Amino acid sequence: MLQVNFIRENFEKAVLGLKKRNFTEAEAVLSQLVQLDDTRKNIQLERDQLQAESNSISKTIGKLMQSGQKEEAEKVKSRTSEIKAQVKILEDQYTQQENDLTQLLYTIPNIPHESVPAGFGADENEVVLTHGDIPELSAEFKSPHWELIKKYDIIDFELGVKIAGAGFPVYKGKGARLQRGLVNFFLDEATKAGYMEVQPPILVNEESGYGTGQLPDKEGQMYFCTEDGLYLIPTAEVPITNLYRNEILQADQLPVKNVGFTPCFRREAGSWGAHVRGLNRLHQFDKVEIVHISRPDKSYEALEQMSGYVQGLLQKLELPYRVLRLCGGDMGFTSALTYDMEVFSAAQERWLEVSSVSNFETYQTTRLKLRFKDEDKKTVLAHTLNGSALALPRIVASILENNQQEGGIKMPAVLVPYLGFEWIS
RNA sequence: AGAGAGGUGUCCGAGUGGUUGAAGGAGCACGCCUGGAAAGCGUGUAUACCCCUAAAGGGUAUCGAGGGUUCGAAUCCCUUCCUCUCUGCCA
């Protein structure tokens, strides 16, 4: 969430930024926010003063008791009951005010970076660059991946339905091997690039959900284990970033660069149709995620670095891709700047999002209380960033579609050592 | 899951109602000392919010978390989470 003090000091900028993401009532909400905070401060001031008086009386009583002046002490006591009642009232008001403030802050998305284009939806995203040639498939070999997986019997949706339900595919034979190979390839690449691998839990508690911004509001997107109060993670971002919740890092620990492989679970209520066939949208899928924790003055450098890293993976996989700078309306609630990487899937003839790389600046760290000590020994909120590197299903879909030919599907050369085969046939 | 023990600052560790944000030690930082280092000596070493700010200074809260008793709680009571030991179960 945003910091009230930042809004106070950058009111106009904040309003303009939020309008860019179509948060039309920005001005009114931000004014209300500042007002709530003003009231909060006033209450705090009054409460603290009364409390201070009460504390000082208590000390006096303590001294009197020690020196045996019991009656004197009793006299002083009577004064405190009045203060106590007052403090209680103010305390309740303060809590109420603080809750209102937090609730309101939860409704305000992150302020977009100045480079973020205004816009309402996917059409207005800015294409930053396109890489690689769009493959032209012959009519003979132009099957969408959902036909290819049947033909070669490598992924079975019906079987998944039997075990769990729609959107839980079963990978078989070379399909399973392809999954495992990709995961290993991604983890190895990340390690080479200086990321530390972590294996986090894939169930998280409520606090973690709040830390990275999935909660409140998006609980509908997550599977929830009511018995234990735990959520299945929608992305490894949640557990990995929360590893650092409530921490104060030393300056020389930054940047933190973690990579983790986890399955991801999404309920994805209500989005079914032609575009979500096959592997395009699933309830469970595998993803390798990279997370950075960065100094504020280095976070955009880190974002570019991450974007470059992800592009490198796509290049090694020989997949044509483009990079989008998301417009205000299409960006996630918590992000300040997001690059989407889309791969062209040649049979569907569509760009498929395979990665989303974002800088959250302090939006997450405010909630996470994730800070570091800078050179002046001042405690400062860090910036968090993350990106998929990469999400498997659509990568699999595009590898299958783009490389189909006479004799089967040819695997990208870089994967062959991981797979132990060159062809799916 | 059952029984017991316990959760204190970066770490170890004292503290069972009264100037305790918290003894003592270690670590760390700075200074002195040294040719250099160690030892030694001295100083400092939490977080959040608020007031006042040029700086300094001050207030409130925080001893796992939440609530209660009390003029006053790290210390007493309740709830809850976690850790350890034993038993049970189990990959």
Side-chain angles (χ1 to χ4, degrees), chain A residues 1-9 33-105 199-211 215 225-231 239 242-254 256 263 362-382:
Chain A
M1 62 191 172
L2 298 175
Q3 301 161 81
V4 182
N5 283 339
F6 175 85
I7 292 168
R8 282 180 186 280
E9 287 158 26
L33 193 74
V34 172
Q35 233 168 47
L36 279 170
D37 193 50
D38 282 337
T39 312
R40 190 201 109 244
K41 283 186 188 183
N42 289 336
I43 296 169
Q44 181 179 348
L45 188 59
E46 201 179 334
R47 181 201 62 185
D48 285 359
Q49 281 168 351
L50 278 171
Q51 191 59 251
E53 192 182 339
S54 169
N55 287 348
S56 121
I57 291 173
S58 289
K59 278 180 186 169
T60 311
I61 292 174
K63 281 179 197 161
L64 289 173
M65 296 293 271
Q66 276 179 331
S67 60
Q69 297 171 267
K70 273 203 166 169
E71 281 174 27
E72 284 299 315
E74 283 304 321
K75 275 187 204 164
V76 187
K77 264 191 202 177
S78 62
R79 269 197 280 155
T80 58
S81 61
E82 200 183 318
I83 294 174
K84 217 184 158 190
Q86 266 272 275
V87 168
K88 172 83 180 138
I89 292 166
L90 288 167
E91 189 64 49
D92 290 346
Q93 283 179 1
Y94 184 84
T95 307
Q96 181 63 49
Q97 200 71 11
E98 207 177 30
N99 286 343
D100 290 353
L101 194 65
T102 308
Q103 288 307 316
L104 191 60
L105 277 168
Q199 266 190 43
I202 58 175
L203 270 73
V204 294
N205 55 28
E206 196 181 36
E207 224 182 329
S208 299
Y210 276 94
L215 297 174
C225 309
T226 47
E227 284 285 289
D228 305 283
L230 296 171
Y231 294 87
N242 271 282
L243 253 24
Y244 302 92
R245 166 153 47 86
N246 251 318
E247 296 288 337
I248 301 176
L249 302 171
Q250 297 305 315
D252 61 12
Q253 291 178 270
L254 299 179
V256 168
T362 58
Y363 198 88
Q364 292 182 326
T365 53
T366 302
R367 288 197 208 174
L368 289 163
K369 297 191 173 57
L370 166 50
R371 297 143 295 168
F372 75 102
K373 278 224 191 294
D374 69 10
E375 286 66 29
D376 307 330
K377 301 209 169 174
K378 269 179 63 182
T379 306
V380 184
L381 286 170

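A, B, ... follow the sequence lines: proteins, then strands. Residue 1 opens every chain. When reading the values below, keep in mind they use all heavy atoms of this one structure, side chains included, and skip hydrogens, waters and symmetry mates. The shown structure was predicted, so the numbers you read here are calculated from the model rather than taken from an experiment.
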Searching all strands shown, indicate the nucleotide that pairs with B:C41 (Watson-Crick or G-U wobble; both distances under 3.5 Å). B:G31
When the nearest nucleotide of RNA chain B is assigned to A:Lys377 and to A:Arg40 on a heavy-atom basis, which residue is associated with the more 5' position? A:Lys377
Any Lys/Arg nitrogen of A:Asp37 or A:Arg40 sitting under 4.0 Å from an Asp/Glu carboxylate oxygen of the other? yes
By nearest-nucleotide position on RNA chain B, the 5'-leaning member of A:Lys369 and A:Glu53 is A:Lys369
To the nearest angstrom, how far is A:Ile248 atom CD1 from B:A46 atom C1'? 7 Å
Protein-nucleotide distance (A:Asn246, atom CG; B:A46, atom C1'), rounded to Å: 13 Å
Determine the Euclidean distance between corresponding C1' atoms of B:U70 and B:U8; express it in Å to zero decimal places. 22 Å
With the side chain of A:Ala52 defined as its heavy atoms from C-beta on, choose the nearest nucleotide among B:C49, B:C51, B:U60. B:U60
Integer-rounded Å distance: B:C50 C1' and A:Asn5 CG: 11 Å
Under the side chain to side chain contact (heavy atoms under 4.5 Å, CB included) rule, what do A:Gln97 and A:Leu36 come out as? Steps first, then yes or no, please. CA-CA 7 Å; A:Gln97 200 71 11; A:Leu36 279 170; 3.2 Å; yes
Hunt down the Watson-Crick or G-U wobble partner of B:C52, both distances under 3.5 Å, from any strand shown, or write none. none
Using the P atom as the reference point in each nucleotide, state the distance between B:C30 and B:A39 in Å, no decimals. 15 Å
Does B:A5 have a Watson-Crick or wobble partner in any strand here, with both distances under 3.5 angstrom, and which is it? B:U83
Using purine N1 to pyrimidine N3 plus N6-O4 or O6-N4 for Watson-Crick, or N1-O2 and O6-N3 for G-U wobble, both under 3.5 Å, which nucleotide pairs with B:C71? B:G18
Rounded to whole angstrom units, what separation is found between the CG atom of A:Asn42 and the C1' atom of B:U60? 15 Å
Give A:Ile83 one of three labels, base, sugar-phosphate or nothing, depending on what nucleic acid heavy atoms sit under 4.0 Å from its own. nothing
Counting primed atoms, P, OP1 and OP2 as sugar-phosphate and everything else as base, the B/S/- map of nucleotides 63-78 of chain B against protein heavy atoms under 4.0 Å is -----S--BS------
What integer number of Å spans the C1' atoms of B:G88 and B:U79? 27 Å
Expressed as a whole number of Å, how far does the C1' atom of B:U16 sit from that of B:C11? 25 Å
Rounded to whole angstrom, note down the P distance from B:G24 over to B:U19. 16 Å
Presence of A:Lys373 side-chain N/O under 4.0 Å of B:U47 phosphate oxygens OP1/OP2: yes
Sequence neighbours excluded, the answer for side chain to side chain donor-acceptor pair (under 3.5 Å) partners of A:Glu375 is A:Arg295
What interatomic distance, in whole Å, is found between P of B:C82 and the corresponding atom of B:G27? 35 Å
Strictly by modelled atom types, are A:Ser208 and A:Asn205 linked by a side-chain donor-acceptor pair under 3.5 Å? yes
Taking the side chain of A:Asp48 as heavy atoms from C-beta outward, which of B:G59, B:U47, B:C49 is closest to it? B:G59
Rounded interatomic separation in angstrom, taking CD from A:Glu247 and C1' from B:U47: 13 Å
Are any of the side-chain heavy atoms of A:Asn242 and A:Val204 separated by less than 4.5 Å? no
OP1 or OP2 of B:C50 less than 4.0 angstrom from a side-chain nitrogen or oxygen of A:Arg47, does that happen here? no
Those residues that, when tested against A:Lys373, pass side chain to side chain donor-acceptor pair (under 3.5 Å) (two or more places apart): A:Thr379
Heavy-atom check, side chain of A:Leu370 versus side chain of A:Gln364, under 4.5 Å: no
Considering all heavy atoms of both residues, which atom of A:Val4 and which atom of A:Leu105 are nearest to each other, and what is their separation? CG2-CD1, 4.2 Å
Counterpart base for B:U10, defined by Watson-Crick or G-U wobble contacts under 3.5 Å: B:A26
Is A:Gln51 touching bases, backbone alone, or none of the nucleic acid, heavy atoms closer than 4.0 Å? sugar-phosphate
Atom CD of A:Glu91 and atom C1' of B:A61 are separated, to the nearest Å, by 9 Å
Between B:A48 (C1') and A:Leu370 (CG): distance, integer Å: 16 Å
In Watson-Crick or G-U wobble terms, with both distances under 3.5 Å, the base opposite B:A91 is none
Which value, in whole Å, describes the distance between the P atoms of nucleotides B:G44 and B:G57? 13 Å
Roughly how far apart, to the nearest Å, are B:A61 and B:A73 at atom P? 9 Å
Whole angstrom value for the distance that separates C1' of B:U60 from CG of A:Leu50: 12 Å
Less than 3.5 Å apart, any donor N or O on the side chain of A:Asn42 or A:Glu46 sitting next to an acceptor on the other? no
Could you go through the side chain to side chain donor-acceptor pair (under 3.5 Å) check for A:Gln96 and A:Asp100 one step at a time? CA-CA 6 Å; A:Gln96 181 63 49; A:Asp100 290 353; 3.0 Å; yes
If B:U47 has a Watson-Crick or G-U wobble mate with both distances under 3.5 Å, name it; if not, just say none. B:A61
